[in-house]
Amino acid sequence: MNIKLAGRLIGALLALEALFMLPSLGLALADRERPVIISFLVTMGLLLSLGVLLRVICRNNAPEPSYTREGMVTVALSWIVMSVLGCLPFRLSGAIPRFIDALFEMVSGFTTTGASILTDVEGLGRALLYWRSFSHWLGGMGMLVFILAVIPGSQQAGFNLNLMRAESPGPSVSKLTPRMGQTAKVLYLLYFLLTVLCVLFLLAGGMPLFDSLCTAFGTAGTGGFGIKNDSLASCSPYIQNVVTIFMALFGINFSVFYLLLLRKFSEVLADEELRLYIGVFGGATVLITVNILPLYGGRILESLRHAAFQVSSIMTTTGFCTADFDLWPSFSKSILLVLMILGACAGSTGGGLKMARLLLLIKELLRNIRRTLRPRSVQVVRVNSHATDENVIKNTNAYLAAYCVIIMVSFVLISLDGYPIETNFSAVLACFNNIGPGFGAVGPTANYSGFSDFSKAILTADMLLGRLEIFPILTLFSRYTWSRKR
């Protein structure tokens, strides 16, 4: 295991995290929030000191080999360390007095989950609200991907690919450009431009600049931390519709936007994952609209607005709310529960199982049926007219197995708190799939503050496992990871 390679990158990440706290520090200074100012200064000093220390200790001018496990371990440790240190402003300022609660909130931010233990969001000052929402934007595309984008030649080419594979969501990662560093730049440029566009549309609807920025961060990162206690319920229909559209856009694979820029419209139209995503989105919206129509006095447009918003929010695993969907009929709630599992597209900022995996699983199931009927025939799984590597299919099956086991174990463990099954199951799904709100005691008008410290620790681990897609975290507990053998 090449520890120094991982250490140098983690050191750069910590320094970058301190830099990203500057806007929050500026807001704290402007609002004269002395405890918050001190908490950010202390945290930034600690981040910079540890970052420099790691860079010095792990410096090595000799060429070093890197392998998949280095990429996995670097990503897993980076996310854990940046969450532990990133939560300190909440803890040191006294806004969130208990460390486990502050860690839960920060992990929820970076993993773009949006699950909160706060009972009064509006009680936080602007500085902490900004850092809380900005963590979504950082975690949406990934901090390590950002380093690859802004630091030329920061690591070896092979190591860059391993980092992208470990941090980017989906069954496989492909290059948009010949060089991985250029691919990272393209991804972050698209991410930034779409975020700016979202801010402009929100400003056009009369939303204040600060509110627009925080809402856009949550929308772009598909995170869902609101700055109001009612999330977006009190916003105008225009604002809600804008957020609905942009949540859906950020749930699409970013390679689709790149193809649109290249004017490869035929490839976009032929994308099977995109067609499945749009089909599920449209079908779920129509079904829920019809089902909740009586709740809104037969007003079709209002029913459609709330249905489309919640489908977009849950399917892209954002977690914003405009209505208490926990009061909707069982049919609508069942659809939302299924959408919690399915999630958005691979290569997007959304969580969940991913449309790409669902597509592969369906095609693999059909292939197995054909093999049963015709054992001697050669069957190939094709996606977008291209044969899928058998290793990708094996990894997808392994991911599904691990997904089910982790959810079952987590569900049983947090059931010790005594909450109803609906609450426990939806809480695990909402955290593991990085959604935020669930049903029952963790519904859209509630929060996670009632869970015990043990359950919060389990759910915190679920959020990290879900965002990093299980395997990078699991590699930390493998003896092979830390052995010298290759």
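In what follows, residues are counted from 1 in the order of the sequence shown. Both backbone and side-chain heavy atoms feed into the values below; hydrogens, waters and symmetry mates do not.
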side-chain hydrogen bond (donor to acceptor under 3.5 Å, both in side chains) filter on R91, not counting sequence neighbours, yields none

Should L353 and L361 count as side-chain neighbours, where that means a heavy-atom distance under 4.5 Å?
yes

Taking side-chain contact (heavy atoms from CB on, under 4.5 Å) as the test, write out the residues that go with L209, two or more places apart.
L203, L213

Distance (rounded to the nearest 0.5 Å) between L260 CG and L190 CG:
10.0 Å

Would you call the rings of W137 and Y191 parallel, tilted or perpendicular if under 30° counts as parallel and over 60° as perpendicular?
parallel

Side chains of N447 and S116 only: does a donor on one sit below 3.5 Å from an acceptor on the other?
no

Close side-chain approach of I406 to I470, heavy-atom, < 4.5 Å
yes

Counting distance only, does the side-chain N/O of D211 pair as donor-acceptor with the main-chain N or O of M207 below 3.5 Å?
no

Reported CG-to-CZ distance for the pair D462 and R467, which is rounded to 0.5 angstrom
15.5 Å

For a side chain to side chain contact (heavy atoms under 4.5 Å, CB included) check, start with the C-alpha distance between K354 and E469, then their side-chain angles and the critical distance, and finish with the verdict.
CA-CA 11 Å; K354 303 292 186 304; E469 307 218 313; 3.1 Å; yes

Any side-chain heavy atom of L194 sitting closer than 4.5 Å to one from F257?
yes

Least distance between heavy atoms, Y448 atom then G436 atom
OH-O, 2.5 Å

Do the side chain of S313 and the main chain of G319 share a donor and acceptor less than 3.5 angstrom apart?
yes

Give the intermediate values and the outcome of side chain to side chain contact (heavy atoms under 4.5 Å, CB included) for residues I473 and W79.
CA-CA 10 Å; I473 297 294; W79 280 72; over 6 Å; no

If we only count heavy atoms from C-beta on, is the N291 to P329 side-chain gap below 4.5 Å?
yes

Check N434 against M463 and note the closest heavy-atom contact, atom names and distance.
ND2-O, 3.2 Å

Are any of the side-chain nitrogens in E364 or R371 under 4.0 Å away from the carboxylate oxygens of its partner?
no

To the nearest 0.5 Å, tell me how far M355 CE sits from I278 CD1.
11.5 Å

Check whether the ring centres of Y238 and F201 lie less than 6.0 Å apart, and answer yes or no.
no

Any chance you could measure E17, atom CD, to L85, atom CG, to the nearest 0.5 Å?
6.5 Å

Can you tell me how far the OG atom of S410 sits from the CG atom of N424, to the nearest 0.5 Å?
11.0 Å

Trace of the side chain to side chain contact (heavy atoms under 4.5 Å, CB included) decision for M141 with F254
CA-CA 10 Å; M141 190 62 69; F254 274 70; 3.9 Å; yes

Could you check whether S234 and D230, counting side-chain N and O atoms only, form a donor-acceptor pair closer than 3.5 Å?
yes

Can you measure from CG (L359) to OG1 (T388) and round to the nearest 0.5 angstrom?
8.5 Å

Set of residues satisfying side-chain contact (heavy atoms from CB on, under 4.5 Å) with respect to S334, sequence neighbours excluded
none

Mind checking side-chain hydrogen bond (donor to acceptor under 3.5 Å, both in side chains) for T322 and listing every partner two or more places apart, or none if nothing turns up?
H306

Within 6.0 Å of CD1 in I421, more than 12 heavy atoms from elsewhere
no

For ring-ring contact (aromatic ring centres under 6.0 Å, His included), just list the numbers for Y130 and F217, CA-CA rounded to whole Å, side-chain angles, deciding distance to a tenth of an Å, and then say yes or no.
CA-CA 9 Å; Y130 183 91; F217 292 151; 5.5 Å; yes

Under the side-chain contact (heavy atoms from CB on, under 4.5 Å) test, residues paired with N241 that sit two or more places apart:
R305

L373 atom CG: more than 12 heavy-atom contacts under 6.0 Å
yes

Atom CD1 of I300 with >12 non-hydrogen neighbours under 6.0 angstrom:
no

With F250, which residues qualify under ring-ring contact (aromatic ring centres under 6.0 Å, His included), at least two apart?
none

Give the intermediate values and the outcome of side chain to side chain contact (heavy atoms under 4.5 Å, CB included) for residues L337 and L429.
CA-CA 9 Å; L337 189 68; L429 282 182; 3.7 Å; yes

Could you pull out all residues at least two apart from Y277 that satisfy ring-ring contact (aromatic ring centres under 6.0 Å, His included)?
none

Does F192 have more than 12 heavy atoms from other residues, nucleotides or ligands lying within 6.0 Å of its CZ?
no

Side-chain donor-acceptor contact under 3.5 Å, D417 with S452
yes

Any side-chain heavy atom of F225 within less than 4.5 Å of one from L129?
no

What about F451 and F104, are their ring centers closer than 6.0 Å?
no

Can you list every pair that meets salt bridge (Lys or Arg N to Asp or Glu O under 4.0 Å) and has a residue in residues 429-457, with sequence neighbours left out?
R98-D453, D101-K456

Below 4.5 Å, heavy atoms only, C-beta onward: do T445 and N229 meet side chain to side chain?
no

Sub-4.5 Å side-chain heavy-atom contact between P437 and V442:
no

Which residues satisfy the ring-ring contact (aromatic ring centres under 6.0 Å, His included) test with F325, sequence neighbours excluded?
F439

To check you understand the geometry: which heavy-atom pair defines the closest contact between P444 and G438, and what is its length?
CD-O, 3.8 Å

Distance-only side-chain donor-acceptor flag, T317 / N433, under 3.5 Å
no

Can you check whether Y403 and F432 have ring centres sitting under 6.0 Å from each other?
yes

State, yes or no, whether a side-chain contact exists between I227 and E122 at a heavy-atom distance under 4.5 Å.
no

Give me the atom names and distance for the closest heavy-atom approach of R132 to L118.
NE-CD1, 3.7 Å

Where T119 and S449 come nearest, the two heavy atoms and their spacing
CG2-OG, 3.9 Å

Considering non-hydrogen atoms only, spot the tightest contact between T423 and G440 and give its length.
OG1-CA, 3.6 Å

Carboxylate-amine/guanidinium contact K363 E273, below 4.0 Å
no

Return yes if a side-chain donor-acceptor contact under 3.5 Å exists between R367 and Q379, otherwise no.
no

Not counting sequence neighbours, which residues clear ring-ring contact (aromatic ring centres under 6.0 Å, His included) with F20? List them please.
F134, F146

Only counting residues at least two apart or in another chain, list the ones meeting side-chain contact (heavy atoms from CB on, under 4.5 Å) with L262.
Y258, K264

In chain order, what residues pass the side-chain hydrogen bond (donor to acceptor under 3.5 Å, both in side chains) check against N384, with sequence neighbours excluded?
none

